[in-house]
Amino acid sequence: MNKTYLKLTLDLDFILIAITAPLKDYVLCHKINTRLNTQFEKIDDHEIFFNVDEPAWCFSKYYFFVEQGEVEYYLICNKSSDGFLVPEMNKVDFFIIIKEFIDKEDLDYLINGLNKLPDIQVAAKIDPTKLKSKENLVI
């Protein structure tokens, strides 16, 4: 009997920025909106099902859309009451996911602007393909 295998590939075509900041999600969002002139707004939580028979883990999520270039930005908490979205990065508090193309100057402006906020300890670009739990970041 022939066996058929299903190979699943994840769409990891996004830019990932990790942020370490000891703030509540809404406070960080307000500071980013004020400093970087963005308009992040709260949307439905990012839900991850780790086991079929258990309830989903919910992570706070914010959204910002730029019409020019149709770029989508998501700000997602890495921590919830249940655990971490990306457990191997348990020192990271938040992630920004950027979908669609963003040029290097805009990305540098964003990362530099984040690092200039006094409450952010560090903001850095991360390669999502190197993460063990990368499937948790697919939106």
Side-chain angles (χ1 to χ4, degrees):
M1 174 185 281
N2 291 337
K3 292 184 179 181
T4 303
Y5 294 96
L6 177 64
K7 186 173 183 177
L8 178 67
T9 56
L10 297 173
D11 179 19
L12 298 175
D13 189 22
F14 58 81
I15 295 170
L16 181 65
I17 299 172
I19 300 173
T20 302
L23 298 171
K24 298 279 188 191
D25 54 345
Y26 57 88
V27 174
L28 177 66
C29 191
H30 175 72
K31 288 179 182 273
I32 292 172
N33 283 345
T34 303
R35 172 75 102 169
L36 298 177
N37 199 25
T38 57
Q39 291 149 4
F40 279 101
E41 294 179 355
K42 178 85 169 104
I43 58 173
D44 291 339
D45 288 346
H46 185 63
E47 294 183 341
I48 300 293
F49 291 90
F50 288 100
N51 293 316
V52 177
D53 55 345
E54 293 180 11
W57 290 16
C58 297
F59 299 88
S60 186
K61 182 169 65 172
Y62 294 80
Y63 178 74
F64 170 53
F65 180 73
V66 178
E67 285 189 30
Q68 181 183 356
E70 297 184 356
V71 182
E72 294 179 305
Y73 295 82
Y74 295 91
L75 174 68
I76 302 175
C77 287
N78 189 34
K79 299 175 185 176
S80 77
S81 59
D82 298 310
F84 291 95
L85 179 64
V86 181
E88 63 268 26
M89 301 213 47
N90 60 7
K91 302 288 188 227
V92 171
D93 297 308
F94 302 93
F95 292 106
I96 291 182
I97 295 174
I98 305 170
K99 293 187 151 212
E100 295 306 319
F101 176 77
I102 179 173
D103 62 23
K104 184 168 175 12
E105 288 123 20
D106 289 343
L107 181 61
D108 290 342
Y109 172 78
L110 177 63
I111 292 173
N112 290 335
L114 290 169
N115 281 315
K116 286 180 183 173
L117 285 169
D119 296 309
I120 293 181
Q121 295 169 350
V122 67
K125 183 179 172 186
I126 304 292
D127 183 2
T129 60
K130 303 237 179 325
L131 298 173
K132 247 195 265 184
S133 306
K134 56 187 162 267
E135 66 275 356
N136 295 348
L137 295 169
V138 176
I139 297 177

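By convention here, the first residue in the shown sequence is residue 1.
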Reported [atom1]-to-[atom2] distance for the pair [X] and [Y], which is rounded to 0.5 angstrom:
{"X": "Q39", "Y": "C29", "atom1": "CD", "atom2": "SG", "answer": "11.0 Å"}
{"X": "L114", "Y": "I120", "atom1": "CG", "atom2": "CD1", "answer": "4.5 Å"}
{"X": "D44", "Y": "K61", "atom1": "CG", "atom2": "NZ", "answer": "7.0 Å"}
{"X": "L16", "Y": "D127", "atom1": "CG", "atom2": "CG", "answer": "9.0 Å"}
{"X": "Y26", "Y": "N33", "atom1": "OH", "atom2": "CG", "answer": "15.0 Å"}
{"X": "Y73", "Y": "F14", "atom1": "OH", "atom2": "CZ", "answer": "15.0 Å"}

Just so I know, are the side chains of [X] and [Y] near enough to count as touching, which here means a heavy-atom distance under 4.5 Å?
{"X": "L107", "Y": "K125", "result": "yes"}
{"X": "I126", "Y": "I17", "result": "no"}
{"X": "V122", "Y": "I19", "result": "no"}
{"X": "L36", "Y": "T38", "result": "yes"}
{"X": "Q121", "Y": "P22", "result": "yes"}

For the backbone of [Y] and the side chain of [X], can you confirm whether one donor and one acceptor N or O come within less than 3.5 Å of each other?
{"X": "D25", "Y": "S60", "answer": "no"}
{"X": "R35", "Y": "H30", "answer": "no"}
{"X": "N112", "Y": "D108", "answer": "yes"}
{"X": "N115", "Y": "A123", "answer": "yes"}
{"X": "D45", "Y": "E47", "answer": "no"}
{"X": "E100", "Y": "E72", "answer": "no"}
{"X": "N78", "Y": "F95", "answer": "no"}
{"X": "H46", "Y": "L137", "answer": "no"}

Testing I15, I32, I98 for side chain to side chain contact (heavy atoms under 4.5 Å, CB included) with L110, which one passes?
I98
Would you call D82 and K79 a salt bridge, using N to O less than 4.0 angstrom?
no
Salt-bridge present (D119, K31; N to O < 4.0 Å)
yes
Can a donor-acceptor pair be found between the side chains of E41 and Y62 at a distance below 3.5 Å?
no
Full working for side chain to side chain contact (heavy atoms under 4.5 Å, CB included) between Y63 and K42
CA-CA 6 Å; Y63 178 74; K42 178 85 169 104; over 6 Å; no
Assess whether side chain to side chain contact (heavy atoms under 4.5 Å, CB included) is satisfied between Y74 and I139, documenting all intermediate values.
CA-CA 9 Å; Y74 295 91; I139 297 177; 3.5 Å; yes
Please say yes or no: joined through hydrophobic side-chain contacts below 4.5 Å, possibly via intermediate residues, are [X] and [Y] part of one cluster?
{"X": "I48", "Y": "I43", "answer": "yes"}
{"X": "V27", "Y": "V92", "answer": "no"}
{"X": "M89", "Y": "L23", "answer": "no"}
{"X": "L131", "Y": "F59", "answer": "yes"}

Check the angle between the aromatic planes of F40 and F64 and answer parallel, tilted or perpendicular using the 30° and 60° thresholds.
tilted
Nearest heavy atoms of S80 and C58, plus distance in Å:
CB-O, 3.1 Å
Within 6.0 Å of CD in E70, more than 12 heavy atoms from elsewhere
no
Steps toward side chain to side chain contact (heavy atoms under 4.5 Å, CB included) verdict (L28, F94):
CA-CA 9 Å; L28 177 66; F94 302 93; 3.3 Å; yes
